[in-house]
Amino acid sequence: MSQMLMSVMAQAERMAGEGLRLGAGAAAEPLPAAGEHGATGFASSLVDAVRSVDAQAQAADEQLAAVDSGRSNDLVGAMLASQQADLSFSMLLQVRNKVAGAVDELIKLQL
């Protein structure tokens, strides 16, 4: 799961760095990179979402490792965190799939 999450994060960061903002009758201009001052757009929101899901997955892994090593007795909490991370990751993949489908539809449009 970690490799796939890193792949999604790389795709989102690439989208944020290479995205174009189109205005009515105006030439395309590059979007500000994620994290720059004033960068408020879909791409930066997507990057933030990917980072949030990654943080949830890492926290769940740490909780599961603590239970495995005997440092924690909170098995229920660790399992809940793991399930929450899995659901967040599944939702992120669905958003990615919907965005990819929307981009494909936009490419098919004839202007």
Side-chain angles (χ1 to χ4, degrees):
M1 182 171 98
S2 176
Q3 290 177 342
M4 185 177 269
L5 187 60
M6 297 305 285
S7 172
V8 170
M9 182 179 277
Q11 288 176 356
E13 287 178 349
R14 182 177 43 82
M15 285 173 50
E18 296 176 0
L20 296 177
R21 181 184 306 145
L22 298 174
E29 61 184 50
L31 284 172
E36 285 184 8
H37 181 67
T40 57
F42 178 74
S44 63
S45 297
L46 187 60
V47 169
D48 292 341
V50 169
R51 289 187 177 137
S52 173
V53 170
D54 184 47
Q56 285 181 346
Q58 288 179 358
D61 287 344
E62 289 174 6
Q63 286 182 340
L64 287 172
V67 169
D68 285 344
S69 66
R71 291 178 290 155
S72 174
N73 291 332
D74 189 17
L75 178 61
V76 173
M79 292 305 295
L80 286 174
S82 176
Q83 289 297 314
Q84 183 179 9
D86 281 343
L87 286 173
S88 296
F89 184 70
S90 295
M91 185 180 72
L92 181 66
L93 286 179
Q94 290 299 318
V95 169
R96 183 201 64 173
N97 293 340
K98 292 288 184 179
V99 168
V103 168
D104 288 342
E105 290 295 319
L106 286 173
I107 290 172
K108 292 178 186 177
L109 287 178
Q110 294 180 1
L111 298 176

CA sep, side-chain torsions, deciding dist, call: Leu109, Glu105, side-chain contact (heavy atoms from CB on, under 4.5 Å) | CA-CA 7 Å; Leu109 287 178; Glu105 290 295 319; over 6 Å; no
Give a yes or no on whether [X] and [Y] share a hydrophobic cluster (residues Ile, Leu, Val, Met, Phe, Trp, Tyr; joining criterion: side-chain heavy atoms under 4.5 Å apart).
X	Y	answer
Leu93	Leu46	yes
Phe42	Leu106	no
Val53	Leu64	no
Met79	Val67	yes
Val50	Val103	yes

Where Gln63 and Ala78 come nearest, the two heavy atoms and their spacing |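 Smallest interatomic distance, heavy atoms only, reads OE1-CA, 3.7 Å.
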Closest approach of Ala60 to Ala85 (non-hydrogen atoms, all atoms of both residues) = CB-CB, 4.2 Å
Residue pair Val95 / Lys98, side-chain heavy-atom distance below 4.5 Å | no
Leu92 side chain near Arg96 side chain, heavy-atom distance below 4.5 Å |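 The answer is no; the side chains never approach within 4.5 Å.
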Does Gln84 offer a backbone N or O that forms a donor-acceptor pair with the side chain of Ser88 under 3.5 Å?
-> yes
Does CG in Asn73 sit with more than 12 non-hydrogen atoms of other residues, nucleotides or ligands closer than 6.0 Å?
->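 No, because the 6.0 Å sphere around CG of Asn73 holds 12 heavy atoms or fewer from other groups.
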